[in-house]
Amino acid sequence: MNQSLIKTMQIANTNFALLLLRAGAALMMLTHGVPKLMQFFSGEPIAFASVFGMSTVLSLALAVFAEVLCSIFILFGLGTRLSSIPLIITMLIAAFHIHGADPFSSKEKSLLFGLIFIVLLLTGAGKYSIDYLLSEKMKKSQ
């Protein structure tokens, strides 16, 4: 088989895989973030962990920022590398601070999400993203 065809197929597969990874992780993270957002605006007293001496309201607000806003950005591939940083921090806090004394099985979900967001930090969003469209537009305007 022609080597250039194989290489082209691999690049296309990689970009599609990044789209699946981004969309899947972002949508699954939203299932954790949206209930926190609802709690934030429910008007009831905030029942959330105080992290590193921050108030429960600030801790919840930062978690909502990461899990909702940053997840939406990652879903569309907008500022993917930058948006992954708050999510990585949130997942590390969840794994090692919130579930620090728990067995590994309790930390596993946070660590898996964290790993996904580290991969997105390193790779970027791929071709099927707003980041890519913006970079192509910038290249054409130069």
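The structure presented is a predicted model; accordingly, all values stated were derived computationally and were not measured.
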Next item on the list: Return the minimal non-hydrogen interatomic distance between Ser71 and Met29, and the atom names on each side.
Entry: OG-CG, 3.1 Å
Notebook entry, point to check: Is there side-chain contact between Lys109 and His32, with heavy atoms separated by less than 4.5 Å?
Noted result: yes
Margin query: If I compare all heavy atoms of Pro86 with all of Cys70, which pair ends up nearest, and what's the gap?
Written below: CG-SG, 3.7 Å
Checklist line | Ala63 versus Lys36, closest heavy-atom pair with distance | finding: CB-CD, 4.2 Å
Next item on the list: Before giving the answer on side-chain contact (heavy atoms from CB on, under 4.5 Å), spell out for Gln39 and Leu60 the whole-Å C-alpha distance, their side-chain angles and the decisive distance to 0.1 Å.
Entry: CA-CA 9 Å; Gln39 179 185 2; Leu60 179 59; 4.3 Å; yes
Next item on the list: Taking the side chain as every heavy atom from C-beta outward, state whether Asn15 and Tyr132 have any atom pair closer than 4.5 Å.
Entry: no
Check: Applying the 4.5 Å side-chain criterion to the ILVMFWY set and letting contacts propagate, would Ile89 and Met91 be lumped into a single cluster?
Finding: yes
Notebook entry, point to check: Roughly how far apart are Ser110 OG and Asp102 CG, rounded to 0.5 Å?
Noted result: 10.0 Å
Checklist line | Close side-chain approach of Met54 to Leu62, heavy-atom, < 4.5 Å | finding: yes
Check: In terms of hydrophobic clustering (I, L, V, M, F, W, Y; side-chain heavy atoms under 4.5 Å; direct or indirect links), are Phe41 and Leu58 co-clustered?
Finding: no
Next item on the list: Assess whether atom CZ of Phe76 is packed by more than 12 heavy atoms of other residues, nucleotides or ligands within 6.0 Å.
Entry: no
Notebook entry, point to check: Pick from Phe113, Phe65, Phe117: which one makes a side-chain contact (heavy atoms from CB on, under 4.5 Å) with Leu87?
Noted result: Phe117
Check: Which atom names give the shortest non-hydrogen contact between Ile74 and Leu120, and what distance separates them?
Finding: CG2-CD1, 3.9 Å
Margin query: Using a 3.5 Å distance criterion without hydrogens, assess whether the side chain of Lys107 forms a donor-acceptor pair with backbone atoms of Phe96.
Written below: no
Check: Would you call Leu134 and Leu78 a side-chain contact if the rule is heavy atoms closer than 4.5 Å?
Finding: yes
Check: Phe52, Phe48: one ILVMFWY side-chain cluster at the under-4.5 Å cut-off?
Finding: no
Item checked: Verdict with reasoning, Val57 to Phe40, per side-chain contact (heavy atoms from CB on, under 4.5 Å) -> CA-CA 8 Å; Val57 174; Phe40 193 74; 4.0 Å; yes
Margin query: A side-chain contact here means heavy atoms from C-beta on lying under 4.5 Å apart; do Glu67 and Thr90 qualify?
Written below: yes
Note to self: Quick check: do Glu108 and Leu112 have side-chain heavy atoms less than 4.5 Å from each other?
What the structure shows: yes
Notebook entry, point to check: Roughly how far apart are Ser55 OG and Ile46 CD1, rounded to 0.5 Å?
Noted result: 9.5 Å
Next item on the list: Starting at CG of Leu30, measure out to CG of Leu37 and round the result to the nearest 0.5 Å.
Entry: 10.0 Å
Notebook entry, point to check: Would you say Ile118 and Met28 are hydrophobically clustered, going by side-chain heavy atoms of ILVMFWY under 4.5 Å?
Noted result: yes
Checklist line | Nearest-0.5 Å distance that lies between atom CD1 in Ile116 and atom CZ in Arg22 | finding: 13.0 Å
Checklist line | Closest heavy-atom pair and its distance - Gly124, Thr80 | finding: C-CG2, 4.3 Å
Notebook entry, point to check: So, for Leu75 and Ala23, which heavy atoms are closest and what is the spacing to 0.1 Å?
Noted result: CD1-CA, 3.7 Å
Note to self: Please say yes or no: joined through hydrophobic side-chain contacts below 4.5 Å, possibly via intermediate residues, are Ile85 and Phe73 part of one cluster?
What the structure shows: no
